[in-house]
There are 4 protein chains.
Amino acid sequence: MAEYPTALGASSRERITLLGTDLANEVMGEVGFGELAFWLATQRRPEPGETRVFEAVLAALADHGFTPTAIVTRLTYLSAPDSVQGALAAGLLGGGSRFLGVTEDCGRFLHEQLTGVDLPEDDEGWDALALEVVRAQREARRLVPGLGHHVHKDGDPRTPRLFRIAEEEGLFGPHLSLFAAIGRVHPEVLGRTLPLNGAGVCGAALADLGLPLELLRGFALLARTAGLIGQLAEELRHPVANEIFLSVDLNNRSVPPTPYPNGGPHG
Amino acid sequence: MAEYPTALGASSRERITLLGTDLANEVMGEVGFGELAFWLATQRRPEPGETRVFEAVLAALADHGFTPTAIVTRLTYLSAPDSVQGALAAGLLGGGSRFLGVTEDCGRFLHEQLTGVDLPEDDEGWDALALEVVRAQREARRLVPGLGHHVHKDGDPRTPRLFRIAEEEGLFGPHLSLFAAIGRVHPEVLGRTLPLNGAGVCGAALADLGLPLELLRGFALLARTAGLIGQLAEELRHPVANEIFLSVDLNNRSVPPTPYPNGGPHG
Amino acid sequence: MAEYPTALGASSRERITLLGTDLANEVMGEVGFGELAFWLATQRRPEPGETRVFEAVLAALADHGFTPTAIVTRLTYLSAPDSVQGALAAGLLGGGSRFLGVTEDCGRFLHEQLTGVDLPEDDEGWDALALEVVRAQREARRLVPGLGHHVHKDGDPRTPRLFRIAEEEGLFGPHLSLFAAIGRVHPEVLGRTLPLNGAGVCGAALADLGLPLELLRGFALLARTAGLIGQLAEELRHPVANEIFLSVDLNNRSVPPTPYPNGGPHG
Amino acid sequence: MAEYPTALGASSRERITLLGTDLANEVMGEVGFGELAFWLATQRRPEPGETRVFEAVLAALADHGFTPTAIVTRLTYLSAPDSVQGALAAGLLGGGSRFLGVTEDCGRFLHEQLTGVDLPEDDEGWDALALEVVRAQREARRLVPGLGHHVHKDGDPRTPRLFRIAEEEGLFGPHLSLFAAIGRVHPEVLGRTLPLNGAGVCGAALADLGLPLELLRGFALLARTAGLIGQLAEELRHPVANEIFLSVDLNNRSVPPTPYPNGGPHG
């Protein structure tokens, strides 16, 4: 007979446990939501400094205004107001490679660069490693994840702030160190200065916290869930979704069909 | 030209604002994630006591083990491991009327009962109001949302705990008062004692916090997002989804089709 | 030991069955896709006339241009191009009460009106029943589902066409009869002439085909899936999603937060 | 002012067009659903033979019994019965790389192998090309998409059937030719005989039909939407989802948390 082991929630007639603790008495009222999310993902209760860095990351990623995900949630709610879960789920489905994926890409990228490498002991050492990394990416004609921003061209304000918070908490680990060094040395290789963006620094910080790399995107989605609820709350009181819809629909223009070329590569 | 006003995220070249504050300097590192979620939903920064009650609710709802939503997220990840957002979204889509809806139903129900009513000033008064409410439901052959639990038949441990936390923070408002009174008086009407369940008390507490009633389900979904990330993190290290899938598939039994009756009411 | 009976797909080493038939030899190449969808939903192979009416309904509902669902699918694909399933799922999530629900609402409404009623034998009888129905809705201050259209004010071209197809196939049953009668008599009650809309007539036709009322929305979603694939195919070759996104984002206007009123009904 | 061109649905007060035709008079009642789905995706009306091959593919992929996607749709409906769209969307979200992705992977793979190559003129030529392809995959330690099946070890019955249908319709193009040749020659390279699976042959056939390679997964999802509606219809009449849920939940076993290793690669 199959058995399904879990350390997460479990109930008996009298008691509910979560992560081996008593939910009602040891978690409710005692554990903040960011702390709990960290604990659920790692099955390890974080230190206060870890929670502070983690929650700073969640704050950095929660809402960026009228992103595609925010627009999608508002339009879905307009179309199906009976299903809040559908509106939130639809918004989260935009959390893929392009708009919300940089956090995960950057965390994974830094982790790969650090695997099997002796860690430098000072900034000079980090700069040398970063130079290698940026050169290798350039030679392979690949971008460095986390470098560049289409709006904050002179610097993303979230980046120095997260660096400082991590330093204050003694959590400026190898991923952040390499990311910061990339910020210092890349102009030497690329010939121009690009900002270290906020999504990237968040990925570096999450990796330094030891969170599962496969789920870095998941934390961005958790942050965004809070943001999308904010979008819905605003939409309820000051609706704009119908106007967005009409601004598209009223500007549609019928054109003749363009047949897709038939028959494959030799069709 | 259409304009889309928002008090949520906005960016200029140098600065990112959120809710009228400077995201990097006034939010990151300063505001916890539960506090931020409350703020985003209400556009009002909560008091520490409000945050504590709110986070206690989120903790109560984050994970309940192998619920349908948890199973769905694990199976979807098994089937499409390339899309963490899809696995989370699929799990959230189970957050509808049956398994995650009690929180919203209970908050709305209590709110309706309190609308247009002079609020009682003591327990006796609340009991009288609760009696009316339970009697009216019984006469209309409707259930009282939040009353009853299929496992915690002698009492859901989350309920007294959330009552106490709300009292400690001076946030035991009219919704919680009516809910508690329903717990005291319903045996007189129904002839048996049912527990006040945890999902219900969470709805009462969220309503007392003044959160938008239309979005109470949204907060349950936010809590659950953290829980589902925990489910995925556990699945990554101790996978069970394939075994769940096989336990169903290997026990399938082919039966002949049963034609659906044709032709409508008189077909 | 649990067993899960099903008449749908099943496999052995040599054979795949579907609905009690041999998939490879009796379904593939022999059964059209609309016919198969009908068969899967009812476990009864439809007659050719039933398939024709069913496919006419699917055609009527497949695509309506830049609806919220179409915009949502395009924006989600922009944001997460790695997940076609996410883009389609996001679009379908808009298939709720407002934009895609009329089909189901109308089918269910007509069915309720017909339940327990002796069916009229001629148009005069249908008109009398329809008069009762419209009057009762008006007295209850409820709309008649399927009546009215914001664009096709003089008549939705899909309605007479579907009436004719159903007549040609001998499938003009009680739901369509009542719907048509509502179209004839409602001006007498409402004092103005409204069109019978296409979504409504589709619901009536699906109900006359004897399809499960709980799933009428499902058929609208099936039709829409084909439409959304068309939207994605067009987006791939002539992208507009980024321009839609920018048209919203560039017209955002920051406003101060508006605090949501605290404290519930008496807060 | 932005304009959004489209050849898909458009409406005026009197008329609805789709793909440059009159929806009511030229599509409804005249065009089958498979034919319409093809037309929407390619903006080119298919020939009857193309429709037959396309619908055979859809039939092959519509339902495979209690797959993860089917279980997910049933569990989501159990949990949120108010939202059919959510149950279908949740099921489709499992349509990713593992369970539904072979169709797309195989179509793309074959297309890449054919790009820039002179097409062989006889089976001998195809066999030579296939040998090269299988050898190159083996050397790169990569699997050949579409080769192998965990149940149909002696041959997937859908494969020869789809070959035959394509031949009958004169649509056995280069993708199917290469796929068939891979079936003939791979034992010479791999040292054992594997079946050409049904998902793979469907990808080859769709590629030969000239459908957009980026959307091959989309057609598998369209087929599956019909299958998932069938699953819901069966669940409505013969429910098993609650029993599936309980079979997991009642066999859960609480284990202590296993802390995720902290601190990244050198933590």
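Here is the naming used below: chain letters follow the sequence lines, and residue numbers restart at 1 for every chain.
Looking at A:A60, the atoms closer than 4.5 Å to chain B (heavy atoms on both sides) sit in the backbone and in the side chain alike. Only the side chain of A:R237 has a heavy atom closer than 4.5 Å to any heavy atom of chain B. With a 4.5 Å cut-off on non-hydrogen atoms, A:E35 does not touch chain B at all. Using a 4.5 Å cut-off between heavy atoms, A:A7 contacts chain B through both its backbone and its side chain. In this structure, no portion of B:L246 lies under 4.5 Å from any heavy atom of chain A. Both the backbone and the side chain of A:I244 come within less than 4.5 Å of a heavy atom of chain B.
In terms of heavy-atom proximity, A:P5 sits nearest to B:V240 at CD-CG1, 4.1 Å. When every heavy atom of B:A233 is checked against every heavy atom of A:A41, the shortest pair comes out as CB-O, 3.2 Å. The two atoms that bring A:A24 and B:P157 nearest to each other are CB-O, 3.5 Å, heavy atoms only. Nearest heavy atoms, A:M28 versus B:A56: CG-O, 3.7 Å. Nearest approach of B:G86 to A:L93, heavy atoms of both residues: CA-CD2, 3.8 Å. Of all the heavy atoms in A:D154 and B:E14, the pair that sits closest is OD2-OE2, 4.1 Å.
Here CD of B:E234 is found 5.0 Å from CD of A:Q43. Values are rounded to the nearest 0.5 Å. To the nearest 0.5 angstrom, A:L8 atom CG is 7.5 Å from B:F66 atom CZ. In this structure, NE2 in A:H152 is found 4.0 Å from OG in B:S11, a value given to the nearest 0.5 Å. Atom OH of B:Y4 sits about 11.0 Å away from atom CZ of A:R74, to the nearest 0.5 Å. The distance from atom CD of A:Q231 to atom OG1 of B:T6, rounded to the nearest 0.5 Å, is 5.5 Å.
For the options B:E55, B:Q85, B:H149, heavy-atom pairs under 4.5 Å to chain A are most numerous at B:Q85. Interface summary for chain A: among B:E235, B:E169, B:E104, B:K153, the most heavy-atom pairs under 4.5 angstrom belong to B:K153. Counting heavy-atom pairs closer than 4.5 Å to chain A, the top residue among B:V31, B:L236, B:D63 is B:D63. Of the listed residues (A:R52, A:H64, A:E168), the one with the most heavy-atom contacts under 4.5 Å to chain B is A:R52.
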Side chain to side chain contact (heavy atoms under 4.5 Å, CB included) between B:I16 and A:D156: does it pass, once the steps are laid out?
CA-CA 9 Å; B:I16 305 175; A:D156 186 321; 3.9 Å; yes
Could you go through A:L221 and B:T225, starting from their C-alpha distance and side-chain angles, then the distance that decides it, and tell me whether this counts as side chain to side chain contact (heavy atoms under 4.5 Å, CB included)?
CA-CA 8 Å; A:L221 292 163; B:T225 305; 5.6 Å; no
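With a 4.5 Å cut-off on side-chain heavy atoms, B:L58 and A:L36 do not count as touching. With contacts defined as side-chain heavy-atom distances shorter than 4.5 Å, the pair A:L40/B:I229 does not qualify. You'll find the side chain of B:R164 reaches within 4.5 Å of the side chain of A:N25, heavy atoms only.
Between A:R161 and B:E30, at least one side-chain N (NZ, or NE/NH1/NH2) sits under 4.0 Å from a carboxylate O, which counts as a salt bridge.
Heavy atoms from other residues, nucleotides or ligands lying under 6.0 Å from CZ of A:R192 number 12 at most.
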